[in-house]
2 protein chains.
Amino acid sequence: MNNDRNPDKNQPRSPTLEDVARAAGLSPMTVSRALNNPKVVRPGTISRVMEAVNSTGYIPNMLAGGLATKRTKLIAVVVPQINNNMFVDTVQAIGDELALRGYHMLLCIVGYTTESETEIVSTLLTRRPDGMVLTGIHHSSDLKRVILNANIPVVEIWDMTPTPLDMLVGFSHEKIGHAIGHYFLEQDFTRFGLICASDRRAQVRKNGVIDVLRSRPGSFIRDITVTAPANMEVGRSGLSQLIEEDKAFDAIICTSDTLAQGAIMEAEARGLRVPQDLKVIGFADLNFAAHNRPAITTICVDKVKIGQQAANMLADKIEGHEVAESVIDIGFSLIVRESA
Amino acid sequence: MNNDRNPDKNQPRSPTLEDVARAAGLSPMTVSRALNNPKVVRPGTISRVMEAVNSTGYIPNMLAGGLATKRTKLIAVVVPQINNNMFVDTVQAIGDELALRGYHMLLCIVGYTTESETEIVSTLLTRRPDGMVLTGIHHSSDLKRVILNANIPVVEIWDMTPTPLDMLVGFSHEKIGHAIGHYFLEQDFTRFGLICASDRRAQVRKNGVIDVLRSRPGSFIRDITVTAPANMEVGRSGLSQLIEEDKAFDAIICTSDTLAQGAIMEAEARGLRVPQDLKVIGFADLNFAAHNRPAITTICVDKVKIGQQAANMLADKIEGHEVAESVIDIGFSLIVRESA
DNA sequence: TTGTAGGCGTTATCAC
DNA sequence: GTGATAACGCCTACAA
């Protein structure tokens, strides 16, 4: 028989639990325990294992581990975008918090063109994540079925509903709209322009604003929806368009700080002083809002907290802890600065 | 024997290939082929399989698949940060491009405090990714050993060296420093202030600048390193500090647009006009740079292209295609706007 | 405290 | 074109 050294050692297979076990003179199972549940194995044995791990350069295979345990320590995160400043803080917070808890983040950036959220999520489920974060609350019934079938905890974020798929941490875009509307009505303004991004959440905020403004008879309201990406240029041209149609506005309400920044720039280019001649308000309190001149009055939502809570709710539920509140409204605040 | 229906159907196990096979009246192997290599199976069989897939709600298990094939369609991406605007475009581009190629992105945000890159990468390797993206080129020998052992394609990004671990797409921070230095020397300035972030790449850019500025006798150079995060406030106080120590500067060189934006703000607060009284240059051409007033003169690097190239080089190599150039210098350009 | 047997869900490989 | 069998690397369950 061929009982020489192992055959064809030329394609270096990465070491397995069995290799470590052999090196340590133990069974694979003992090695596994030493690594994952050290308290049930004798200290001396653990050191032997550790030595063998180092000498072999063993790196566990979580595919195999996950297959066996049905737990992957993987969280799938679905967001529409990260480079528009809107979700990036939340994503980073999720990643940071998950890392602390020993999870990895499978990040999927889907764009606003929901080609098929169901398909995307199904592909993600293929990895058997322990949990999932979904941006938004509007899902097809197909998607709901797939998610429910997967039978994993899910947190929906950046939105609010009393009836989430599972858990939720977000805030009410409608209430934000109302708050903005009231803020301006209290100042007795009557002529309003709205520059609204095309995404669904922005539209909800806009509708909230309009609902309130309409409640005051004599309000003049013009709103335009601008196409993605909602960058500064788009904000500028948005204001241009509004002003060219109807000269005089008291306040311009933008569905993002970026649009607001653009609108302010355009206003000043046209010789309108902000806030003296025109108020401008944004949304999200993006990193530049406080530093812009004029500093942008805006709605602040705790983007980091959303991510932290989402990550921890997920990890808690996965690990079998009670999740006290499964729907968390983190609220918002209107930050009055210079622009309005 | 117990040949009733399957026992304890109360904990709904998610359907497997075998369930689909049963539903279709085929063997698991045929179902697998119908799904992964349809051309070798009869069309009629494929439809039977598809029907069974739909009726069972089958979602493949890539843990099992990956275990068997040793291919995971997973790419691990390691970046220091995404919420400072520096790397977010690259990350999004990587994710987008990978999605196009059928890969998922395992994103790991490690912070600048490299607690132990080796440990982080090892944990990532636990998932048996098909490839990896690493930010930067300075790695411990431990890390190199681990990576090489893993025997997967790696792309280092956002830096330049003729001797990468494997592949690389980035640019030379030193050359950028030189370009900035020459730009100012050509204008016969002599008094320079540098506001430098604490990260390694920023330091390299700074040193590049200083090397060139020093080459002109009589140059006065002051540089300060500011602590992370390099936000606008830090830029403001950086300029304050410089000015309070040494009044007159011709130009302020910042290692990011964010710092530059802060410096400009502070300058104007002190009654210094930019660029008339003081030039300010930034780095990265972040989204606001072109829109700031004054628009920020800066160095533009194609952050999206870095991501796209990295993703495609990886996918190409994984799929066995030739990767023509394994080291790509995407270069940079100095964009002269208003601030300098 | 440690070891053995069997299975997790898929695919490679070889047979039909 | 389709099926049977044996891995893949780990862990649960039980035995010693």
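Naming: A, B, ... by sequence-line order, numbering from 1 per chain.
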For DNA chain D, the residues among residues 24-31 of chain A that have a non-hydrogen atom under 4.0 Å from it: A/M29
With [X] via salt bridge (Lys or Arg N to Asp or Glu O under 4.0 Å) - residues at least two apart:
X: A/D89; value: none
X: A/D159; value: A/R201
X: B/R145; value: B/D142

Along DNA chain D, first and last positions that approach a heavy atom of chain B under 4.0 Å: D/dG1 to D/dG9
Using a 4.0 Å cut-off to any heavy atom of chain A, which nucleotides of DNA chain C are the first and last in contact, reading 5' to 3'? C/dT1 to C/dG9
Among pairs that include at least one residue of residues 139-163 of chain A, which meet ring-ring contact (aromatic ring centres under 6.0 Å, His included), considering only residues two or more places apart or in two chains? A/F87-A/W158, A/W158-A/F171
Residue pairs passing the salt bridge (charged side-chain N to carboxylate O under 4.0 Å, His left out) test where at least one lies in residues 44-54 of chain A, sequence neighbours excluded: none
Pair listing, salt bridge (charged side-chain N to carboxylate O under 4.0 Å, His left out) test, anchored in residues 90-108 of chain B, at least two apart: B/R101-B/D316, B/R101-B/E319
Can a donor-acceptor pair be found, under 3.5 Å and without considering hydrogens, that links the side chain of [X] to the backbone of [Y]?
X: B/Q92; Y: A/N83; answer: yes
X: A/E156; Y: A/L168; answer: no
X: B/T161; Y: B/P164; answer: no
X: A/N37; Y: A/R33; answer: no
X: A/S116; Y: A/E119; answer: yes
X: B/S32; Y: B/P28; answer: no
X: A/D130; Y: A/R71; answer: no

At 10 degrees resolution, what angle do the end axes of the helix from C/dT1-D/dA16 to C/dC16-D/dG1 form when each is taken over five base pairs? 30°
Can you pull the side chain to side chain donor-acceptor pair (under 3.5 Å) pairs that have at least one residue in residues 53-66 of chain B, sequence neighbours excluded? none
Does the side chain of B/T123 pick up a donor-acceptor pair with the side chain of B/T126 at under 3.5 Å? no
Contact list for DNA chain C against residues 45-67 of chain A - heavy-atom distance below 4.0 Å: A/T45, A/L67
Judged by each residue's nearest nucleotide on DNA chain D, which is more toward the 5′ side, A/E18 or A/R33? A/E18
